[in-house]
Amino acid sequence: MSGDGAQDIHAVLQRLSDMDRRSREQESLVPATMVKEEDWQGLAFVLDGVKVISAMNEIRELLPYPEAVTRVPGTKSWMLGLANIRGELLPIVDLQQFIGGGAVVVDDHSRVLVIRNRGASTGLLVSSVLGMRHLPLSKQIADAHFDGTLGQYVYDVFGLDDGVWPVFSMAALANDKHFMTAAQQ
């Protein structure tokens with residue numbers, strides 16, 4: 001290899017080394033809003049006036065309230081009916097009413113969270129969705145407990161500057177025998 005070739009390689013290596021150094025210096029300036037590996041991600045929504053969050057992997061889809069929901073006779077009041085979503089029948093449940101709160105008043109903020117369990121999908125009506133949240137694992141509250149019906153589905157709690165965020169388990173809801181029994185008795 002000629003002397004000029006060796007100098008070219010040395011120059012390229014020097015540039016790469018400089019780029020690496022500058023990159024590492026800039027790393028500390030990355031905005032804090034960027035997701036860190038130690039963050040937990042979920043979808044935040046309001047349930048009977050309480051801000052709750054569910055794991056992103058438990059929610060399959062987010063929909064506006066369907067234009068047509070057909071009531072099914074002989075079902076509990078929280079079972080709103082069936083909606084035709086892209087050719088598939090989707091049961092729609094008023095989640096707030098199911099946990100013992102008042103019925104959701106459907107408006108422009110209302111959303112249906114679609115969950116899937118054991119091959120079946122269910123739509124859960126909530127009053128509003130607050131969006132995706134990234135919660136630092138360092139903000140988990142150890143041994144937190146929620147009372148009432150909501151507490152049956154809360155498996156974790158985060159304490160943040162804007163309040164306490166219970167983590168609502170869609171899997172626990174879908175496996176609840178009361179949730180699986182929508183028929184009037």
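Sequential numbering from 1 along the given sequence is applied to the chain's residues.
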Shortest non-hydrogen contact between [X] and [Y], atoms and distance:
X	Y	result
P136	L160	CD-CD2, 4.1 Å
P91	M79	CB-CE, 3.6 Å
V154	F146	CG1-CD1, 4.1 Å

Contact between [X] and [Y] at the side-chain level, heavy atoms closer than 4.5 Å - yes or no?
X	Y	result
F158	V164	no
V157	W165	no
R111	S128	no

Just verifying a value: how many Å separate [X] [atom1] and [Y] [atom2], rounded to the nearest 0.5 Å?
X	Y	atom1	atom2	answer
L137	W40	CG	CH2	9.5 Å
L43	L62	CG	CG	6.0 Å
Q41	H134	CD	NE2	5.0 Å
S77	R71	OG	CZ	7.0 Å

* Asked: For V50, which residues count as a side-chain contact (heavy atoms from CB on, under 4.5 Å) partner, sequence neighbours excluded?
  -> V52, L150, P166
* Tell me, please, which residues at least two apart from M180 pass side-chain contact (heavy atoms from CB on, under 4.5 Å). => none
Applying salt bridge (Lys or Arg N to Asp or Glu O under 4.0 Å), which residue pairs with at least one partner in [range] are found, sequence neighbours left out?
range	value
residues 145-161	none
residues 121-133	R133-D162
residues 166-184	none
residues 86-103	E61-R86

* With sequence neighbours excluded, what pairs up with F168 under the ring-ring contact (aromatic ring centres under 6.0 Å, His included) test? ->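 Partners of F168 by the ring-ring contact (aromatic ring centres under 6.0 Å, His included) criterion, ordered by chain and then number, come out as Y153.
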* Does Q97 use its side chain to pair, donor to acceptor, with the backbone of G102 at less than 3.5 Å? -> no
* Asked: Does N117 use its side chain to pair, donor to acceptor, with the backbone of A120 at less than 3.5 Å?
  ->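 Absent.
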* Asked: Would one find more than 12 heavy atoms of other residues, nucleotides or ligands at under 6.0 Å from atom CG of D108?
  -> no
* **CD (E67) with more than 12 external heavy atoms under 6.0 Å** => no
* **Positive for side chain to side chain contact (heavy atoms under 4.5 Å, CB included) with L95, one of L113, T122, L47** =>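 The single option meeting the side chain to side chain contact (heavy atoms under 4.5 Å, CB included) with L95 is L47.
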* Asked: Which pairs with one or both residues in residues 46-60 pass side-chain hydrogen bond (donor to acceptor under 3.5 Å, both in side chains), sequence neighbours excluded?
  ->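 Counting only pairs at least two positions apart or across chains, the side-chain hydrogen bond (donor to acceptor under 3.5 Å, both in side chains) contacts touching residues 46-60 are R60-S121.
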* To do: Test L124 against M170 for side-chain contact (heavy atoms from CB on, under 4.5 Å), laying out the working first.
  => CA-CA 10 Å; L124 305 172; M170 296 298 181; 3.5 Å; yes
* Not counting sequence neighbours, list each pair that qualifies as a ring pair (Phe, Tyr, Trp, His ring centres under 6.0 Å) and has a residue in residues 80-113. => W78-F98, F98-F179
* Results of side-chain hydrogen bond (donor to acceptor under 3.5 Å, both in side chains) for T70 - residues two or more places apart only -> none
* Structure fact -> Cluster membership besides L80, Ile/Leu/Val/Met/Phe/Trp/Tyr side chains within less than 4.5 angstrom, sorted by chain and number, is L63, Y65, V69, I85, L90, I92, V104, V106, V112, V114, L125
* Linked hydrophobic residues, V72 as query - side chain contacts closer than 4.5 Å ->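 Traced through the cluster, V72 reaches L82, L89.
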